Amino acid sequence: MLICRDLPSLRSACAALRSNGRRLGLVPTMGALHQGHLALLDAARAAGADAIAASIFVNPLQFNASDDLARYPRDEDGDLAKLRDAGCDLVWLPPVETMYPPGSASVIEVAGPSKGFEGGARPGHFRGVATVCPKLFLQTGADIVAFGEKDWQQLQVVRRMARDLDIPIHIEAVPTIREADGFAMSSRNRFLSAAERTTAPMLYQIIKDVARKIAADAPITQVLAEGEARLTATGFAPDYLALVEAETLEPLAQTTTAPMRLLAAARLGSVRLLDNMGVPA
Ligand code: AMP
């Protein structure tokens with residue numbers, strides 16, 4: 001497994017992996033890797049990648065004042081061991097100054113699906129995501145990139161950005177990998193106390209019930225309000241629970257024939273948890 005920490009060596013390693021028409025898959029991450037991240041490597045391979053590059057970059061541009069960049073978990077040695085075991089071919093570990101050299105002045109702003117939800121709770125977050133992703137795509141020249149459905153809004157923002165900028169890359173969406181009790185895996189889960197970890201899977205159970213009721217034609221506004229009340233009663237501080245048009249993230253007060261997604265964000269102690277699912281599932 002090649003480890004690249006500067007742009008010239010990344011470019012030549014990626015060019016070698018892409019030689020003779022071989023297709024390169026990219027898995028962008030912020031590290032502190034778990035099974036959810038490793039599933040992205042398998043998905044990129046299944047989508048036709050002959051070689052896989054993973055990036056580990058805690059992108060300061062997507063953190064804002066209320067986020068704690070310094071607190072984000074980091075485990076480079078553990079991550080490299082996991083990627084090696086998973087058969088990753090190359091790891092891109094760029095220093096911040098390589099991604100954003102002094103004088104950097106360009107950002108990408110995606111309207112539409114960035115609006116509301118995570119975009120509302122974390123101003124500037126999707127500007128950071130939409131700016132770093134095309135850089136990673138262009139730096140590696142990847143043919144395929146895998147993103148998790150766990151971050152549904154991010155997936156739609158990246159799809160919109162790639163379409164709008166005519167970036168010739170296939171975006172593979174990967175279903176959320178969950179613990180045995182249904183709790184969606186996330187790097188931040190390690191910050192939950194033992195008691196909070198026991199409560200955490202209720203987020204999934206509650207949104208599953210809400211999704212089932214909506215799919216059975218129960219009144220949406222009422223079902224969402226009941227779901228939020230259940231979250232609060234269970235010990236969460238819900239931020240939003242919303243039914244949206246799956247691609248545009250437009251909130252829905254009535255069901256439509258277009259694909260729909262139920263989105264949830266709730267704080268449990270100091271940890272902000274996200275989950276989502278299709279309706280019908
Ligand atoms: P992160 O390192 O949290 O920025 O995530 C990097 C990528 O892994 C993103 O595409 C996430 O959506 C994806 N991801 C994170 N957690 C999961 C999960 N539980 N299942 C599937 N993909 C995930």
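Order of appearance sets the numbers: ligands from 1, and atoms from 1 within every ligand. All figures in this text were calculated on a predicted structure; none of them were measured in a lab.
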Check your understanding: Between P28 and ligand 1, which part of the residue brings a heavy atom under 4.0 Å of the ligand: side chain, backbone, both or neither?
Key -> backbone
Check your understanding: Would you say D75's side chain and G78's backbone share a donor-acceptor pair under 3.5 angstrom?
Key -> yes
Exercise for review: Please indicate whether any nitrogen or oxygen in V174 is less than 3.5 Å from any nitrogen or oxygen in ligand 1.
Suggested key: no
Check your understanding: Going by the atom numbers of ligand 1, which of them fall below 4.0 Å from some non-hydrogen atom of M185?
Key -> 16 (N), 17 (C), 18 (C), 19 (N)
Check your understanding: Hey, does the side chain of D143 reach the backbone of L24 with a donor-acceptor pair shorter than 3.5 angstrom?
Key -> yes
Check your understanding: What atoms of ligand 1 come closer than 4.0 angstrom to any heavy atom of D151?
Key -> 11 (C), 12 (O)
**Study point:** A32, portion touching ligand 1 at heavy-atom distance under 4.0 Å
**Key:** neither
Point to revise | Quiz item: cation-pi between R71 and F191, 6.0 Å / 45° | key: yes
Point to revise | Polar atom proximity, I177 to ligand 1 (N or O, under 3.5 Å) | key: yes
Exercise for review: List the atom of A13, the atom of L2, and the distance in Å for their closest heavy-atom pair.
Suggested key: CB-CD1, 4.0 Å
Exercise for review: Return the minimal non-hydrogen interatomic distance between R18 and T140, and the atom names on each side.
Suggested key: CD-O, 3.9 Å
Exercise for review: Give the numbers and elements of all ligand 1 atoms closer than 4.0 Å to a heavy atom of F147.
Suggested key: 10 (O)
Study note, to complete from the structure: The protein heavy atom nearest to atom 4 (O) of ligand 1 is M30 CG, 3.6 Å
Exercise for review: Run down the list R178, R188, Q154 and name the one with the heavy atom closest to atom 9 (C) of ligand 1.
Suggested key: Q154
Review point. Nearest protein heavy-atom contact for atom 23 (C) of ligand 1: which residue, which atom, what distance?
Key: K150 CB, 4.0 Å
Point to revise | Element-labelled atoms of ligand 1 that are located less than 4.0 Å from some non-hydrogen atom of G36 | key: 18 (C), 20 (N), 21 (C), 22 (N)
Check your understanding: Counting only heavy atoms, which portion of H37 has something under 4.0 Å from ligand 1: side chain, backbone, both, or neither?
Key -> side chain
Check your understanding: If only atom types and distance count, is the side chain of N64 paired as donor or acceptor with the main-chain N or O of P123 below 3.5 Å?
Key -> yes
Point to revise | A121 backbone acceptor or donor facing D239 side chain under 3.5 Å | key: no
Exercise for review: Check H34 against ligand 1 and report side chain, backbone, both or neither, counting heavy atoms closer than 4.0 Å.
Suggested key: side chain
Check your understanding: Short question: side chain of S19, backbone of A16 - any donor-acceptor pair under 3.5 Å?
Key -> yes
Point to revise | Ligand-residue contact atoms, ligand 1 with G148, heavy atoms, under 4.0 Å | key: 9 (C), 10 (O), 11 (C), 12 (O), 13 (C), 22 (N)
Review point. Are side-chain heavy atoms of Q62 and N59 found at a separation under 4.5 Å?
Key: yes
Study note, to complete from the structure: Only one of E245, E250, E149, E247 passes salt bridge (charged side-chain N to carboxylate O under 4.0 Å, His left out) with R261, and that residue is E149
Exercise for review: Go through ligand 1 atom by atom and flag the ones less than 4.0 Å from a non-hydrogen atom of P175.
Suggested key: 21 (C)
Exercise for review: With heavy atoms only and a cut-off of under 4.0 Å, state how L40 meets ligand 1: side chain, backbone, both or neither.
Suggested key: side chain
